Amino acid sequence: MSDQLQTPIEYLKGVGPNRAQLLRRELGISTYADLLQFFPTRYIDRTKYYKIAELRNTMAEVQIIGKIVHLKTIEGKRGQNRLTATFVDDTGQLELVWFKGQKWIRDTIKINVPMVVFGKINQFGNQVNMAHPEMEPLDQHQQQLRSALQAVYPSTENLSKKNITSRVVSNMMQNLFLETGGNFAETLPDYQIEQMNLMKKPDALFNIHFPKSNEHLAKAQFRLKFEELFYIQVRLLMNNLIRKHKIQGHAFTVVGDYFNAFYHRHLPFELTDAQKRVIREIRNDMATNAQMNRLLQGDVGSGKTIVALMSMLIALDNGFQSCLMAPTEILANQHFRGLSDLANGLGINIKLLTGSTKTAERKLIHEELITGKLHILIGTHALLEDKVQFENLGLAVIDEQHRFGVEQRSKLWKKSEIPPHVLVMTATPIPRTLAMSLYGDLDVSVIDELPPGRKPIQTVHRYDSNRLKVWKFLKDEIAKGRQVYIVYPLIQESEKMDFKDLMDGYESISRDFPLPQYSVSMVHGQMKPAEKDAEMERFSQGKTNIMVATTVIEVGVNVPNASVMVIESAERFGLSQLHQLRGRVGRGAEQSYCILMTSFKLSSDTQTRLETMVRTNDGFEIAEVDLKLRGPGDLMGTQQSGVLNLRIADIVRDRDILQLARNVALKLLKEDAPLVKPEHAIVAKVYHELTRKSNIWNYIS
Ligand code: ADP
Ligand code: MG
């Protein structure tokens, strides 16, 4: 059976060498199997036949039974003739029109023979017509291996040119089923088919191409999508198992005094349920002697810091050091302060190491690290330097993962004999669906709940022409004691134009908000780290009212009194970046605002981005929209991911099936990772076939 499916496509009836070449070039179809897996993009309902009297302009494609009674050529301007036919049924008449291929139509059309015509109708006043209909004699129509719903296959310009229409592909498919008998091998275990009431493989393949009904189609789609996602998950999870098996980690078996002291006596607030769940997940991971490799996702302000700290306390309880690496000095500073405050009174030695750490302090840190006196080290890339040697690094926390390359991460690993557990924290809300298909081999924890009492940020979109009103609003807020961010796009810190915009902006803001009533800070990428920090510090302490900045403040900065975020040229920012920026406000008790300033000319994608920002504060929802707008290929870290190569499933629309597929795959591998049980023989076979065809899996590694 499967041998037959490897037959080159040119041997299929109705194909031949020329079409085979086109199919190969345009669609990558070179065998029967490839054609079989070329799935329709939509279906046309052909269960219904309309009467001419029922036709309305608003209908999509319709089919009608009737006959052609009259044919004529109508001469148009500049020799552009058209051929028309009068088509009648017992309720009225309809005009069929052809602008092209008129000779062929004239020669083949049968007058007064019952026909089925199919197409889109147009109405002009009382006149209805149908241009370039599909036509078929009624008797032939009734004999077709035809389903109620007719498949529409994707096409390309070159295929259309050669007249390989969806209809032609459908005919090839029909020949394929006739020739092979359609009795294809099953690819999922029987018990899964039974338990989930899945359609069997041969039925699913038949119904995806020739659905017998809407219900059959839905079941066929479900089955095939599930199968596709299931095998991707099996593969990803298998990679994960292999990695865990290969890489030994430290087993943190105890939860001891530091953790408990903190939990019972030093918690500044009640943890959210999501935080508790995530801490449990991390604890379970680190308790085994497999190395943890976990991604912690949480929207801005969801409280990842305390999760990091509590994870580090577990390491400490087991006699190990931890480090936390942040992408910028500002953030490292902030983490240092935040964690030191939280851990105050626990008797933990926490230190900060960045590019601007003084030599004496640096020496002390190096010493304390190697002797084990230092428990937690926080810092920037400076942590990666060779001189930084730990006594026993047990846990490395990395904030904002996308700014660090894999290489840098592996440098951290090499700082101890046995690699530390790794916790990567990110506020970039990768949609869960995507995370699951991309990082199936990385464990993912999600904080999907904000601490209680947060007031949702109000977001508005304003045009540049409304700037006076916006400025008035800022003045009112500042009068109430609030602080304001005004952010300019500086995608590349080196772009001269952007820099000029920023400077011009700063000047005009300084003019509009003059001293001594107001004071304005500025931070941008061309400043020295120390200058930046000093300026950030002034704003943080409330000494200035307005912070004019570039996206350097995008990640992490925490100034609870800042309650207004103005984003200039918002049309130039991506959706996730806008969301990150907005996350800088809404951190205090006050109502916060985000104002998106743009010019008048906006593309429709930009409008969608702005509308989405105005509508919702939910980072995951925003990420889903982003995914739809840009496709997963553009999302952070997914550049060469082939998630788009899915044949039938769609990670955005089919997230429930993905979740199911993942759970089923997890359960299966938990019970039988080597895939040796007889009932998993099919899974083993398909899995090995898929891994052999490594091209399918390119995107995962
Ligand atoms: P992020 O996930 O963006 O790093 P942080 O860890 O900085 O978030 O937390 C944001 C703010 O919320 C901090 O001021 C923190 O003290 C506070 N916070 C975190 N968890 C809770 C909680 N469970 N209840 C109340 N406030 C919390
Ligand atoms: Mg943070």
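Here the structure is a predicted model, which means the values were calculated and not measured. Nothing fancy with the numbering, it's 1 onward along the sequence. Every number for a ligand or one of its atoms is a count from 1 in the order of the listing.
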* **Pair Lys528-Glu329, salt bridge (charged side-chain N to carboxylate O under 4.0 Å, His left out): steps then yes or no** => CA-CA 11 Å; Lys528 297 219 173 68; Glu329 206 153 307; over 6 Å; no
* Thr305 neighbourhood, listing ligand 1 atoms whose heavy-atom distance to it stays under 4.0 Å -> 4 (O), 5 (P), 6 (O), 7 (O)
* Asked: Any nitrogen or oxygen of Gly301, main chain or side chain, under 3.5 Å from a nitrogen or oxygen of ligand 1?
  -> yes
* Asked: Between Gln297, Arg587, Arg454, which one has a non-hydrogen atom sitting closest to atom 12 (O) of ligand 1?
  -> Arg454
* Atoms in ligand 1 flagged as close to Glu270, the criterion being non-hydrogen separation under 4.0 Å -> 22 (C), 23 (N), 24 (N)
* Asked: Could you walk me through whether Asp273 and Arg277 pass the salt bridge (charged side-chain N to carboxylate O under 4.0 Å, His left out) check?
  -> CA-CA 6 Å; Asp273 287 343; Arg277 169 170 41 78; over 6 Å; no
* Looking only at heavy atoms, is any part of His335 under 4.0 Å from ligand 1, and if so is it the side chain, the backbone, or both, or is it neither? -> neither
* For the pair Tyr258 and His375, name the ring-plane relationship: parallel under 30°, tilted 30 to 60°, perpendicular over 60°. => tilted
* Anything under 30° is parallel, anything over 60° is perpendicular, the rest tilted; go ahead and classify Tyr485 against Phe539. => tilted
* Pull out every atom of ligand 1 sitting under 4.0 Å from any heavy atom of Thr272, numbered as shown with elements. => 23 (N)
* **Heavy-atom pair of closest approach, residues Ala308 and Leu324** => CB-CD1, 4.4 Å
* Say whether Pro451, considering both its backbone and side-chain N or O atoms, lies within less than 3.5 Å of an N or O atom on ligand 1. => no
* Asked: Which atoms of ligand 1 are found less than 4.0 Å from any heavy atom of Leu271?
  -> 23 (N)
* Lys/Arg-Asp/Glu bridge criterion (N-O < 4.0 Å) met for Glu537, Arg337 -> yes
